[in-house]
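A note on names: the letters A, B, ... follow the listed sequences, proteins ahead of strands, and every chain is numbered from 1. Remember, predicted model here, so these are calculated numbers, not experimental data.
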Protein chains: 2
Amino acid sequence: MTAEEPKKTRSTAQKAVIRSALESEKRFVSAQQLHRTLEDQGHTVGLATVYRQLNSLSDSGHADSITIAEKQLFRACAQDEHHHHLVCENCGKAVEVEPPSEDWITTTARVHGFEVTRHMFEIFGLCAECAASAQSR
Amino acid sequence: MTAEEPKKTRSTAQKAVIRSALESEKRFVSAQQLHRTLEDQGHTVGLATVYRQLNSLSDSGHADSITIAEKQLFRACAQDEHHHHLVCENCGKAVEVEPPSEDWITTTARVHGFEVTRHMFEIFGLCAECAASAQSR
DNA sequence: TCCGCTAATGGTAACGTTTTTCATTAATAC
DNA sequence: GTATTAATGAAAAACGTTACCATTAGCGGA
Ligand SMILES: [Zn+2]
Ligand SMILES: [Zn+2]
Ligand SMILES: [Zn+2]
Ligand SMILES: [Zn+2]
């Protein structure tokens, strides 16, 4: 086996700007949404770079990603531990939640001869504000 | 408000064939996979029609759908009641599972001021066969 | 400070999936 | 049978995402 290369990465203005833009979002956003936001703020970052960075943040665990309506959305999460989300279907706002023990997952899987690799769980609804405005409409 | 039109739909050979093909699958399959299966069986059904029917089955609740690797997969589910799946990431085979009480979902949501509309939960892994063949590789 | 290496970028082309279009077919009602 | 129009299918368009590749620029060493 070859020795682990220290994988040299460089810090660039784009990385910083993308990361900070994502972190200032309390919603799940798509690459294109974030790209537009950056443009509006006067930053010039290529769309390809936004895609690359979001994927890399997601891979490294610095961002969570979910898929809604066949599009990938990203969010910088405060918690490092395993968690899930309560997402507003209207505005995208999300809250991190922790379900009760998930031990039954592996147990159930074993019963069926499955070996668990991952699981996904997301709750969708309307946040207080969106529910209120929907009612008054 | 206008009266509800009885929405007249017609029963066609294609609908029947697509629905029955889906029901005979114990796996989650994509529109393209199902289309190829139908071709192999000698049926001539347009790909667009397969897409249309799968979407409509999914909308009407006669089929469940999940997204793996940016592709939509469908499955005709035996259970009408609320349930979730244990899906093999390799072959798509799926088992219907029922998690323990999901009451905490609405409770937790309420704490955050959310009104729950739906939730999704899927377990991914490798079925016994796929796990075995992966190991021997 | 300059240099060399190469990671990173950004514009664009390519990609694969899904939807839309629209002329044609055929299911239903009369 | 005939009229009506839902449904189909082939092809084109749309869409989100990735790949390509020439160019830029971060960083370590001279
Ligand atoms: Zn979990
Ligand atoms: Zn909201
Ligand atoms: Zn559930
Ligand atoms: Zn399998």
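Counting non-hydrogen atoms under 4.0 angstrom, B:Gln53 reaches the backbone sugars and phosphates but no base. Across all strands, B:Ser30 comes closer than 4.0 Å to no nucleic acid atom at all (heavy-atom distances).
Between A:His85 and A:Phe28, the ring planes are perpendicular. Angles over 60° get that label, and only those under 30° would be called parallel.
Atom CD in A:Glu39 sits roughly 9 Å away from atom P in C:dG11 (whole-Å rounding). Protein atom CG of B:Leu54 is 13 Å distant from nucleotide atom P of D:dG9, rounded to whole Å. Rounded to whole Å, atom P of D:dA11 lies 12 Å from atom NE2 of B:His35. At whole-Å resolution of the value, NZ in A:Lys15 and C1' in D:dA25 are 12 Å apart. As rounded to whole Å, 13 Å separates atom P of D:dT8 from atom CZ of B:Arg19. Rounded to a whole Å, the CD atom of B:Gln72 is 14 Å from the C1' atom of C:dG16. If you take CG of B:Leu47 and P of C:dT21, they are 17 Å apart, rounded to a whole angstrom. Straight-line distance from the CG atom of B:Asn55 to the P atom of C:dT19: 5 Å, rounded to whole Å.
Looking at heavy atoms from C-beta onward, B:Gln53 lies out of side-chain contact with B:Gln14 at the 4.5 angstrom threshold.
Ion pairing between A:Glu25 and A:Lys93 fails under the 4.0 Å rule for side-chain N and carboxylate O. In summary, B:Glu89 and A:Arg118 engage in a salt bridge, as defined by a charged side-chain N under 4.0 Å from a carboxylate O.
Here A:Lys8 does not reach the OP1 or OP2 of D:dC27: none of its side-chain N or O atoms lies under 4.0 Å away. In this model, the phosphate group of C:dT17 is approached by a side-chain N or O of B:Lys71 to a distance below 4.0 Å at OP1 or OP2. Between A:Gln14 and D:dA25, a side-chain N or O to OP1/OP2 separation shorter than 4.0 Å is absent. OP1 or OP2 of C:dA8 sits under 4.0 Å from a side-chain N or O of A:Thr9.
With hydrogens and angles ignored, no donor-acceptor pair under 3.5 angstrom links the side chain of A:Arg10 to the base of D:dG28.
In the set C:dA8, C:dT28, D:dT17, the nucleotide with an atom closest to the side chain of A:Tyr51 is D:dT17. Checking C:dA27, D:dG16, D:dG9 against the side-chain heavy atoms of B:Thr12 singles out C:dA27 as nearest. Set against D:dT17, D:dG9, D:dC27, the side chain of B:Val45 has D:dG9 as its closest nucleotide.
Nearer to the 5' terminus of DNA chain D, by closest-nucleotide assignment, is the contact made by A:Gln32 (compared with the other of A:Gln32 and A:Ala48). Residues B:Ala31 and B:Ser11 each lie close to DNA chain C; by heavy-atom proximity, the contact nearer the 5' end of the strand is made by B:Ala31.
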### Message
Assess the residue pair B:Thr67 and B:Gln72 against the criterion (side chain to side chain donor-acceptor pair (under 3.5 Å)); give the C-alpha distance rounded to whole Å, side-chain angles, the decisive distance to 0.1 Å, and a yes or no.
### Response
CA-CA 4 Å; B:Thr67 302; B:Gln72 247 197 307; 5.3 Å; no
